[in-house]
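Data block below; observations after.
As the structure is a prediction and not an experimental result, all values here were calculated from the model.
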Amino acid sequence: MDERQLRVLRELGELGSVTAVAQALLVTPSAISQQLRLLQRSMPVPLTERDGRRLVLTPAGQALAGAAIEVETALARARRTVDAFVDEPEGSVSVAAFHSAAAAFLPLLLRGLAGPGRPKLTLADEDVAQEDFPRLTREYDLVLAHRLDHAPPWPHTVAVTALLHEPLDIAMPADHPLVGKRRLTPRDVADQPWITVHDGSPLMATIEAIAAAANRRLDIRHRINEFAVVAEAVAAGGGLALMPRWTARPHPAVVLRPLSGVHARRHIDALHRPERTARRAVRTVLAQLLRDAATIRSGGRRPQAGAPT
């Protein structure tokens, strides 16, 4: 077996089809099939089997694919000793983030890593469903992703660095009657008009939990994913909204209040393939993200008028 064959097996386990692996690795499906045949010849047990029209991994194949992660990590570490690029402090590092994390983290990241002798950043915004964030680690060195408390954990195929465990608060106009309450319950907010994210967004699970806890259907008037636009709609009287406490940009006419009775927090994590942090530049960026997370969490960004402490 060799590194290419193990990479093909690992990608087959993650992507689920020979065609998808070929597209990801920029080769033909027949080339992928050939690599799998060569790998199978060196194994005493089957690594793949047919499931209808799909080729899937057997338990032995899954075990070898898991070991392939360690092999790739070990090879990446070994190359550090002979490849000057790996230890280059000014190497290029690509970072992707969903929208609200991008607004909060990326400006801090750019300022914190400005100047000579620092990694060259390539930044992108990627707002996808939770299950799609791990796949982005094939395209980017670091991916800022979010998931709710009760959502499934990230798969073992990616390494995870926790950045924030962020409360989700109720946003309302500064002159709203509920502003007088220090903490709200689902029953307090269930009879109000609502501005929510689109279906499929991780935050919709908390919206549904509020409705379930209040035992009534919420009056959803508007669906907006971008929190800066949500804040403007809330300020204009469009309804209440669920907004992250630290990463959403503060609005002078909007007040946040904490919510009791439901799990209203989300994890913001940096995902990456384990072998990526063999590079010094990637480790430098990851360390800066941890510093930036501490700044955001401690209120280094301008506090919002009327927000709870």
Side-chain angles (χ1 to χ4, degrees), residues 97-105 125-133 144-152 164-269 296 301 304-308:
F98 63 95
H99 292 159
S100 57
F105 277 92
D125 62 331
E126 291 278 3
D127 217 0
V128 299
Q130 177 186 326
E131 61 269 19
D132 293 328
F133 279 112
L144 301 192
H146 61 143
R147 66 177 183 84
L148 297 180
D149 268 350
H150 54 272
L164 292 173
H165 191 204
E166 183 176 30
L168 301 172
D169 294 328
I170 302 297
M172 67 192 77
D175 59 354
H176 195 281
L178 290 175
V179 166
K181 289 196 169 191
R182 295 295 298 169
R183 184 171 291 273
L184 302 174
T185 68
R187 289 188 178 276
D188 291 329
V189 299
D191 62 347
Q192 300 288 321
W194 274 82
I195 305 164
T196 73
V197 291
H198 290 276
D199 288 335
S201 170
L203 267 63
M204 273 306 297
T206 302
I207 296 292
E208 293 164 358
I210 293 172
N215 196 28
R216 63 172 299 169
R217 188 170 186 171
L218 299 186
D219 178 15
I220 297 176
R221 302 284 182 87
H222 314 287
R223 290 186 180 270
I224 304 170
N225 272 11
E226 175 52 57
F227 285 122
V229 181
V230 171
E232 293 293 343
V234 170
L240 304 185
L242 194 67
M243 294 188 69
R245 183 178 300 176
W246 298 323
T247 55
R249 188 179 300 276
H251 191 291
V254 174
V255 170
L256 300 183
R257 286 291 179 262
L259 180 66
S260 300
V262 297
H263 290 287
R265 281 180 176 265
R266 68 174 178 177
H267 296 268
I268 298 180
D269 301 316
I296 294 169
R301 299 172 73 235
Q304 182 176 349

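- Here the CG-CG distance, from Leu242 to Leu168, works out to 5.0 Å after rounding to the nearest 0.5 Å.
- Nearest approach of Pro173 to Gly237, heavy atoms of both residues: CG-CA, 4.4 Å.
- No more than 12 heavy-atom neighbours from other residues, nucleotides or ligands sit within 6.0 angstrom of CZ on Arg187.
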Margin query: With side-chain contact (heavy atoms from CB on, under 4.5 Å) as the criterion, how do Glu226 and Glu232 come out once you've worked through the C-alpha distance, each side chain's angles and the decisive distance to 0.1 Å?
Written below: CA-CA 10 Å; Glu226 175 52 57; Glu232 293 293 343; over 6 Å; no
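- Contact of the Thr206 side chain with the Arg266 side chain is not registered, since no non-hydrogen atoms from C-beta on lie closer than 4.5 Å.
- Taken from CZ in Phe227 to OG1 in Thr247, the straight-line distance is 7.0 Å, to the nearest 0.5 Å.
- Taken from CG in Leu148 to NE2 in His267, the straight-line distance is 8.5 Å, to the nearest 0.5 Å.
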Item checked: Verdict with supporting geometry, His198 and Asn225, side-chain hydrogen bond (donor to acceptor under 3.5 Å, both in side chains) -> CA-CA 6 Å; His198 290 276; Asn225 272 11; 4.5 Å; no
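- Residues Pro244 and Leu256 come closest through the heavy atom pair O-CD1, 4.2 Å.
- Under the side-chain contact (heavy atoms from CB on, under 4.5 Å) criterion, Val179 pairs with Met172, His176, Val255, Arg257, not counting sequence neighbours.
- Atom CD1 of Ile224 sits about 9.0 Å away from atom OG1 of Thr196, to the nearest 0.5 Å.
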Next item on the list: Verify salt bridge (Lys or Arg N to Asp or Glu O under 4.0 Å) between Arg216 and Asp191, making sure each step is shown before the conclusion.
Entry: CA-CA 8 Å; Arg216 63 172 299 169; Asp191 62 347; 5.2 Å; no
Notebook entry, point to check: Which is it for Ser100 and Glu166 under the side-chain contact (heavy atoms from CB on, under 4.5 Å) test, yes or no, and what are the steps along the way?
Noted result: CA-CA 12 Å; Ser100 57; Glu166 183 176 30; 5.8 Å; no
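- No more than 12 heavy atoms of other residues, nucleotides or ligands shown are found within 6.0 angstrom of NE2 on His263.
- Contact record, Pro152 with Gln130: O-NE2, 3.0 Å, taken as the closest heavy-atom pair.
- Here the shortest heavy-atom pairing between Pro186 and Ile210 reads CB-O, 3.6 Å.
- Among Arg182, Arg183, Lys181, the one residue that satisfies the salt bridge (Lys or Arg N to Asp or Glu O under 4.0 Å) test with Asp188 is Lys181.
- The two atoms that bring Ile207 and Trp194 nearest to each other are CD1-CZ3, 3.8 Å, heavy atoms only.
- Put simply, CG on Leu240 and CG on Leu178 are 6.5 Å apart, with the number rounded to the nearest 0.5 Å.
- Rounded to the nearest 0.5 Å, atoms CZ (Arg265) and CG (Asp149) are 7.5 Å apart.
- Listed here is the closest heavy atom pair of Leu259 and Ala264: CD2-CB, 4.5 Å.
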Margin query: Arg147 vs Asp269, test: side-chain contact (heavy atoms from CB on, under 4.5 Å). Steps then yes/no.
Written below: CA-CA 8 Å; Arg147 66 177 183 84; Asp269 301 316; 4.2 Å; yes
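- In this pair, His146 and Phe133 present their aromatic rings perpendicular. The plane angle is above 60°, beyond the 30 to 60° band.
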